[in-house]
Amino acid sequence: MKIIKTKKGVQKEIARLRRQGRSIGFVPTMGYFHEGHLSLMRQSVRENDVTVVSLFVNPTQFGPKEDLARYPRDLGRDSRMAREVGVDILFVPSIEEMYPEFEGTRDKGQGTGKACAFGRVPCPMSRVTVKVGPIGDVLCGASRPGHFDGVATVVVKLLNIVTPDVMYLGEKDAQQVVVLKKVVKDMDLPVRIRTCPIFREPDGLAMSSRNVYLSPTEREEAVVLSRALREAASRIRSGERDGQRIISEIKKLILEGAHASIDYVSVVDAVGLSPVRRISGNVLIALAARFGKTRLIDNITVKVHGQ
Ligand code: PAF
């Protein structure tokens with residue numbers, strides 16, 4: 001496995017592989033790999049000649065009070081794990097490599113201590129960014145304004161650098177998948193998107209790099225999220241069609257089972273993310289809740305046939 005730190009280095013390597021007619025799969029990540037990431041990488045390795053993984057903790061998708069500075073990082077461990085599953089290229093750019101206009105603004109910090117999350121706070125430079133519009137303002141976007149513009153901007157940049165045939169995304173970030181599918185479609189980007197199911201711990205907790213922040217008690221209580229979603233799905237399968245009742249039931253279960261504060265619980269149409277009052281078709285039940293300082297997300301999709 002090659003570890004490459006520069007855009008030019010990746011582009012040169014991709015050009016060489018393309019001359020040999022190789023297909024390229026791409027997994028964008030922020031590192032601190034878990035089985036969820038590895039499942040995306042394995043899928044890409046199975047389906048493509050070459051797998052490229054990017055590891056970049058993207059400052060523009062973090063708000064000024066979010067966890068950019070403390071986001072878990074361990075390049076040694078990550079590169080071992082990526083090599084073991086058969087990744088060919090690990091692209092590990094610096095902030096300056098991805099955002100050259102950032103040069104010299106480090107430690108003007110804006111509350112993060114380390115880096116200015118300049119997608120979401122004023123910064124002394126201007127640059128072109130992707131604006132995803134209203135689809136980025138609902139669910140997670142409501143409490144993380146600008147987050148999906150930051151995600152879309154970095155992913156478009158990464159796609160332009162790596163030029164993969166297929167990009168692999170995890171369904172745990174359901175809104176991210178919907179937003180990035182729309183970006184790819186609306187901007188005519190020549191890449192297919194493949195999604196992989198949520199990877200869960202044996203007790204049901206969705207795997208996330210942020211799970212390491214949880215205290216033992218929070219970790220134990222966090223299982224309530226997946227349990228509440230499963231129960232909601234089963235109520236829908238047994239005939240419940242009232243979106244609001246499902247939301248109330250999930251909130252009740254979470255608050256009874258954990259010392260958590262709920263950011264949102266929503267029942268939305270799985271394609272356009274618009275709220276669903278009367279459940280029918282393909283619905284996404286998505287939620288976010290805070291356990292101490294840790295914000296966790298989870299979701300489940302339910303298909304309802306007929307009325
Ligand atoms: O899902 C993530 O880890 C990030 O949002 C992504 C897609 C790598 C963009 O920074």
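When a ligand or atom number is given, it counts from 1 through the structure's own listing order.
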Considering only heavy atoms, does Thr29 approach ligand 1 within less than 4.0 Å through its side chain, its backbone, both, or neither? backbone
Going by the order shown, which atoms of ligand 1 are within less than 4.0 Å of some heavy atom of Val154? 9 (C), 10 (O)
Is it true that Glu256 and Lys252 have a side-chain N and a carboxylate O under 4.0 angstrom from each other? yes
Heavy atom of the protein closest to atom 3 (O) of ligand 1 (residue, atom name, distance): Met30 CG, 3.5 Å
Please report the interatomic distance OG(Ser261) to CG(Leu255), rounded to the nearest 0.5 Å. 9.0 Å
Pro28 heavy atoms, cut-off 4.0 Å: which ligand 1 atoms fall inside? 8 (C)
Step by step, work out the side-chain hydrogen bond (donor to acceptor under 3.5 Å, both in side chains) result for Tyr168 and Glu47. CA-CA 11 Å; Tyr168 293 82; Glu47 296 178 351; 2.7 Å; yes
Do me a favour and list the nearest non-hydrogen protein atom to atom 1 (O) of ligand 1 with residue, atom name and distance? Gln176 NE2, 2.8 Å
Whether Tyr71 and Phe62 hold their rings parallel, tilted or perpendicular, with breakpoints at 30° and 60°: perpendicular
Judging by distance only, is a nitrogen or oxygen of Asn58 under 3.5 angstrom from one on ligand 1? no
Hey, which atoms in ligand 1 end up nearer than 4.0 Å to a heavy atom of Gln61? 4 (C), 5 (O), 9 (C), 10 (O)
What donor-acceptor contacts under 3.5 angstrom involve side-chain atoms of residues 26-34, with partners at least two apart or in another chain?
unit_1	atom_1	unit_2	atom_2	d
Thr29	OG1	Gly31	N	3.1
Thr29	OG1	Ser54	O	2.7
His34	ND1	Gly36	N	3.0

Salt-bridge test for Arg200 and Asp298: reply yes if a basic N is under 4.0 Å from a carboxylate O, no otherwise. yes
